[in-house]
Each structure stands twice: as structure tokens, then as C-alpha cells.
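Below: the structure, in C-alpha cells.
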Amino acid sequence: MGLRLFNTLSSRLEDFTPLNDNKVGIYTCGMTVQGPPHIGHIRAALNRDVLVRWLRYLGYEVISVENFTDVDDKIIQKQKEYKLDWRIIAQGNIEKYLWACDQLNIERATVYPRASQHIEEIIDLVQSLVDKGYAYESEGDVYYRVRNFPRYGRLSKKSIDELVSGARIEPTEHKKDPLDFAVWKSAKSGEPYWLSPWGKGRPGWHIECSAMSMHYLGETFDIHTGGEDLIFPHHENEIAQSEAATGKQFVRYWLHTGWVTLGGEKMAKSTGHFLLIEDLLKEYRPNVVRLYLLKTHYRNQIEFSRERLNEARSAYLRIQTYLHSFKELGDIEKPLMLEEFTQAMNDDLNTSRALGIIYELIKKGYEENDIDIARSVKYYLRTLGFKDEIPEPPFESVMIIIKEVMERLKTEGRTEILDKVKDGFLRIFEDVNQMKDVFPGVVGLILDVRNMLRKEKEYSFADYIRSRLADAGIQIQDININSSTYRLEVR
RNA sequence: GGCGGCAUAGCCAAGUAGCAAGGCGGCGGUCUGCAAAACCGCUAUUCGCCGGUGCAAAUCCGGCUGCCGCCUCCA
């Protein structure tokens, strides 16, 4: 069975078939960039990343578009607040967002259009809505006439009549009906503006996504993703605008990501109740954050919690420990348990189940000591977008440690061991071309010294060496009294 | 108030009709001078509550309870 996705439009799982052969167009509602990204934004981006990766894995050619809404009421407010041009604020937040995405190994979208770069398309779209009678001008604003679009509410499962009670008209607005929403807003003095048939103004929120998505992906395209909170009114309005203008179906599959909550409540910029991704990444490795987020199915709510993140860190460490127990891993063409993994991912991107398969493989890997199992684990981690992490040998630290050890041997008068270390050094350097190749030999030498000390029950010295190596990111495991092995920590 | 979602072990989380994946934690063990390491084993006769359908239900239907969200800016 092929890929099945949960479509918000139908509220059910549907078989996925692209509009054009194997080409898939995806539009993701990115941020309104009046503030820096928090973990909720990143969850949505990560979800898109996993989807795009999986579609490509299945052999589809994907064009992925993710927008930045850089002109809206909020950013204009910030401009006044900070006395900074809105473009500076937008640029700063866009950079932070892309930085965080890169950190998390979220593949870049094919294109990142900004509302302000597509004013022409937006004006054309507004004009076409006016021409068709779906929008009207009123004192420099242009409003979409919701009641003219019978399918309004289909995505969010709302009826127009239910909406009436909640709808309001702000004192600054000139709507004919409280349900109507602005597609073009006239500019007040000091606000950014573009020239339009309705005077100086700027796009309303919603219209930019219709204009940009159709510009890059066509009037009908395959997948539109975003956070659950965008279903209403944002995506509902996008559908209304786009379908009214073209007379065609706008989007075929609507996918929505569940919340990240904090203290049981939804994170939101508007309430100041959120955790910046920048701060989170100071505490947790990107792969740990990815594991934490993928452990729950994308449509479910996730409670943000350090305990959960710490759990993810333990689990991640276990995966890494397993993989790093192989010196040279290599790749595999056809991994084990491929059918199970494929089924899980095809079932609406069930990453939770997919991760379960990875853990099963690791367990089996230890039992059977089969390198193909480790290669399969690596293969699946990559498929899910985890960064390959190969620990850097801490060469400098090791050189400092061996110097310390030699000095201590000297002061304690252990010339016998000291001589062995010197001999060992000569042997290491006899057959080496590059300094970094010396690393395993030097660590081995330190471990030999430690084992000699252990044999003599010089435990405090031995434990000192163990702890110095641990400081440098080298974890020792004693096999027996004569030999020890080590593993490098990923830092 | 209207609409929608969720409720599975100590915690997290898959599973949507046929013996309850997995992770974290905990306990026991192997190894060890010790271990914070590593591995192995154990850890839900039961899926919020009540009733129904059915050979069979966590899974379908009805009711109840609790939590969350949307209806206003929001990923």
C-alpha cells in the first residue's frame, strides 16, 4: 500500500496521488516574522521536512514552497515599538528561523517567498476578486465578501451562521458584513505601502499565501501544510480567495501539525507564552530535539517538558552508543525491516512506530552482532532526517592528559611504567603519516598505563585517568583487568 | 453557547476488531577493584467510567466524566 495522509478537508485518511505524475507541490505556511521562532514553529517545519524527505524517498519530485509573511499588522506595530524599519525586523527573524532549521537539519524549501516580494501577484489576485464580485473596495480597503462563497467553512467545519456571533468590525474597518475580511488594507501615515488601484496600501493577512502558492505551484496543487491554528481563519480564507478567483480546487491535501503546549497551554507569540528555539538549542543537541518531536505523531499535541527532552537525550545516547560501537560502519542498499518501516511511514507518517522499529533493530543488533543491522539503523535515522554524527577525536585533550599522566608517574617515581610509555610513544610514531592517526594509539597507551595501575591496585590514580578522559569526552569501559575499550561522546 | 480533538503502565507513546509495539524510569542480573558506563531479564490478564452490537472490542455504537483546542492574532 502507498502513502496515506490525513486530510483536514475530509477529516480522514486518504491515499495520496499527486496531480501530475510523480511531481508534488507543497506549500507550507511559515511564520509571520514579527518575532523570533519558538519550538512550535520548528515542529511545523520539522513535520514538513519529514514529509518532503519521505515523498522524495518514495521517488516523488518535490517542489516545496515556504513563505514568510513579512508585512502585516503585527510587524508594523513592532516597527513603531522598536523604531526600526519593518524590513530589518523581518530579516532578523527570518535569519533566526533559517539558522534554527539548519541546526535541526531541516532541509531548505525550494523557495522562501516573502509577501513583500509578491505585491504584484497579490494586487492581480485582489483585482480579479473585485472583478468577479467576490470583493469590494471600501474607503481604500478591499474586503472579501464571505457570503458569496458557499463553501466557506468547509475546511474548519464551521457554518457561516455560527460565525456571525463572534465576528466583529473594528472601528477602523469599513466592512459591509462582519464576516468579511480584508484582502487589501489602506496605509495610514508612517506605514509601509504600495501603490494599487485602491490607493496606497498593503496586503491583508491571508491573501499573500493564496497569491504566492498559486504563483509557484499553480492554481491547484497537492499539499498545503501548517500548524493547526491556521485552519481557521487563515486556511479557510485562502481557500475562499483562491477558489473564488480561479474557479478551481485550490489544494488537494491539507495537513496540520498539532500544538506544542507549555504547562498544558498552547504556545503562542501573542500571549508571550513560548520557548524560543534558540534557547532550547543551547541545552539540547538538534538530533535530540528531533527525536523528542518525532516520538509523537505529528497530529497529536506535545507537551513541552525538560523531562521529556531528557528522556529523548537518554534514548538518543543509546542509539549513538550502539552505532559508535562499530568503528567503520558503511552504508546498506536494502535495510532490514524495510517493509515494516515503509508501512509505518506510509501510514500518515507514523514516526513513532518508525522509531519503534529502530529500537527493535538495535536490540536485535546487540543480540546478533550483525553489522547490517547497524547499517539499517543508520539508514533509517537518515531517512527521518537525523544528522549523521561522527564524534571528533579530542586529540589535543588527549595529548594534555598523557603529559599529565607522565608527570605524575615521574613525581611518584614510577619509572618502570614511564619507560613503557616512552617506548610506546616511539612505536606509535614509527608508522604514522598524519598527527590525527596517532589518536587511537595514544588513547591505547593511556589505557595501558591505567590497567598497569589497576593491576597494582593504584585505584585513585586509575580513577583519576578515567575521569580526565571522561572530561575530554572519552568514555572508558573495562573489559577485564588487562584491557579496556573506549567510546567517544558526541558533543 | 456552537464545532472539533484527546483519554492506553510510574512517566511518554504506538496500536482503531483476533493473544497490549517501543522509549524513559524502576527493579533484578552479567561484567567490574569500583562504576556514573555497556549489555541481558523483569516491569499493563488490561486500555477514563457505564451500557450496547458481535464468536471476538483498547479498537464499532450510545451515554457519562475529565482535559485540550477553535469560534479574535497565532506554527
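Letters go in sequence order (proteins before strands), and every chain restarts at 1. Treat the numbers as computed from the prediction; the structure is a model and nothing was measured.
- In this structure, A:Phe6 places its CZ atom 13 Å from C1' of B:C6, rounding to the nearest Å.
- Rounded to the nearest Å, the gap between the C1' atom of B:C42 and that of B:A58 is 24 Å.
- When heavy atoms are screened at a 4.0 angstrom cut-off, A:Gly226 is found touching the sugar-phosphate backbone but no base atom.
- Here the P atom of nucleotide B:C68 and the CG atom of A:Leu262 are 14 Å apart, to the nearest Å.
- Relative to the six-membered ring of A:Phe6, A:Arg299 meets both conditions, a distance below 6.0 Å and an angle of at most 45° to the axis.
- The gap from the P atom of B:G23 to that of B:A38 amounts to 14 Å, rounded to the nearest Å.
- Atom C1' of B:G51 sits at a distance of 15 Å from the matching atom of B:U65, rounded to the whole Å.
- Aromatic ring pairs are classed by plane angle as parallel below 30°, tilted from 30° to 60° and perpendicular above 60°; the pair A:Tyr57 and A:Trp54 is parallel.
- In this structure, A:Arg454 forms no cation-pi arrangement with A:Tyr459, as its terminal cationic atom is not both closer than 6.0 Å to the ring centre and no more than 45° off the ring axis.
- Remark: B:C34 base-pairs with no nucleotide; criterion is Watson-Crick or G-U wobble with both hydrogen-bond distances under 3.5 Å.
- Classified by interplanar angle (parallel below 30°, tilted 30° to 60°, perpendicular above 60°), the ring pair A:His256/A:Trp254 is parallel.
- Salt bridge absent: A:Asp177 and A:Arg145 never bring a charged side-chain N and a carboxylate O closer than 4.0 Å.
- Among the protein residues, A:Glu228 comes within range of no part of the nucleic acid, since none of its heavy atoms lies under 4.0 Å from any strand.
- As rounded to whole Å, 9 Å separates atom C1' of B:G22 from atom CG of A:Leu355.
- Rounded to a whole angstrom, the distance from the P atom of B:C60 to that of B:U8 is 15 Å.
- Judged by the 6.0 Å distance and 45° axis criteria, A:Lys158 is positioned over the aromatic ring of A:Phe232.
- Across the P atoms, B:G22 and B:A9 are found 16 Å apart, a figure rounded to whole Å.
- A distance of about 15 Å separates the C1' atoms of B:U53 and B:G63, rounded to the whole Å.
- A:Tyr112 has its ring centre less than 6.0 Å from the ring centre of A:Phe68.
- When the P atom of B:G25 is taken as reference, atom CG of A:Leu309 falls 14 Å away, rounded to whole Å.
- Sequence order on RNA chain B of the closest nucleotides to A:His234 and A:Asn310 puts A:Asn310 first from the 5' end.
- When heavy atoms are screened at a 4.0 angstrom cut-off, A:Gly30 is found touching the sugar-phosphate backbone but no base atom.
- Counting heavy atoms from C-beta on, the side chains of A:Thr351 and A:Met345 come closer than 4.5 Å.
- Within the shown strands, B:G29 is the pairing partner of B:C39 under the Watson-Crick or G-U definition, both distances less than 3.5 Å.
- Between A:Ile239 and A:His235, the closest side-chain pair of non-hydrogen atoms is not below 4.5 Å.
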Sugar-phosphate or base contact per nucleotide [nucleotides 31-44 of chain B; S, B, -; heavy atom under 4.0 Å]: S-BBBBBSSSS---
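- A:Cys209 places none of its side-chain heavy atoms less than 4.5 Å from the side chain of A:Gln241.
- Proximity note for A:Trp259 (side chain, C-beta onward) versus B:C73, B:C70, B:C24: the nearest is B:C70.
- Nearest-nucleotide positions on RNA chain B place A:Ser11 closer to the 5' end than the other of A:Ala354 and A:Ser11.
- When rounded to the nearest whole Å, the span between CD of A:Glu81 and P of B:C73 equals 19 Å.
- Straight-line distance from the CD atom of A:Gln320 to the P atom of B:G23: 16 Å, rounded to whole Å.
- Around OH of A:Tyr193, the count of heavy atoms belonging to other residues, nucleotides or ligands within 6.0 Å does not exceed 12.
- For A:Arg43 and A:Tyr298, the positive end is not near the middle of the six-membered ring at less than 6.0 Å and at most 45° from its axis.
- Taking atom CD1 of A:Ile357 as the reference point, atom C1' of B:A21 lies 9 Å away to the nearest angstrom.
- Across the C1' atoms, B:A21 and B:A35 are found 33 Å apart, a figure rounded to whole Å.
- Rounded to the nearest Å, the gap between the C1' atom of B:C47 and that of B:A17 is 14 Å.
- We find that A:Asp49 and A:Arg53 are joined by a salt bridge, their nearest charged nitrogen and carboxylate oxygen being less than 4.0 Å apart.
- Base pairing analysis places B:U46 opposite nothing; no Watson-Crick or G-U wobble pair with both distances below 3.5 Å involves it.
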task: Do nucleotides 12-17 of chain B as a string where each nucleotide becomes B, S or -: B if the base has a protein heavy atom under 4.0 Å, S if just the sugar-phosphate does, - if no protein is that close.
output: BSSS--
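- The pairing partner recorded for B:A7 is B:U65, the criterion being a Watson-Crick or G-U wobble arrangement whose two distances lie under 3.5 angstrom.
- Taking the ring centroids of A:Phe221 and A:Tyr216, they lie at or beyond the 6.0 Å cut-off.
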Under 3.5 Å, N/O pairs linking protein and nucleotides 65-67 of chain B:
none

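- Pairing for B:U72 is absent, judged as Watson-Crick or G-U wobble with the two contacts each under 3.5 Å.
- Atom CD1 in A:Ile160 sits roughly 15 Å away from atom C1' in B:C3 (whole-Å rounding).
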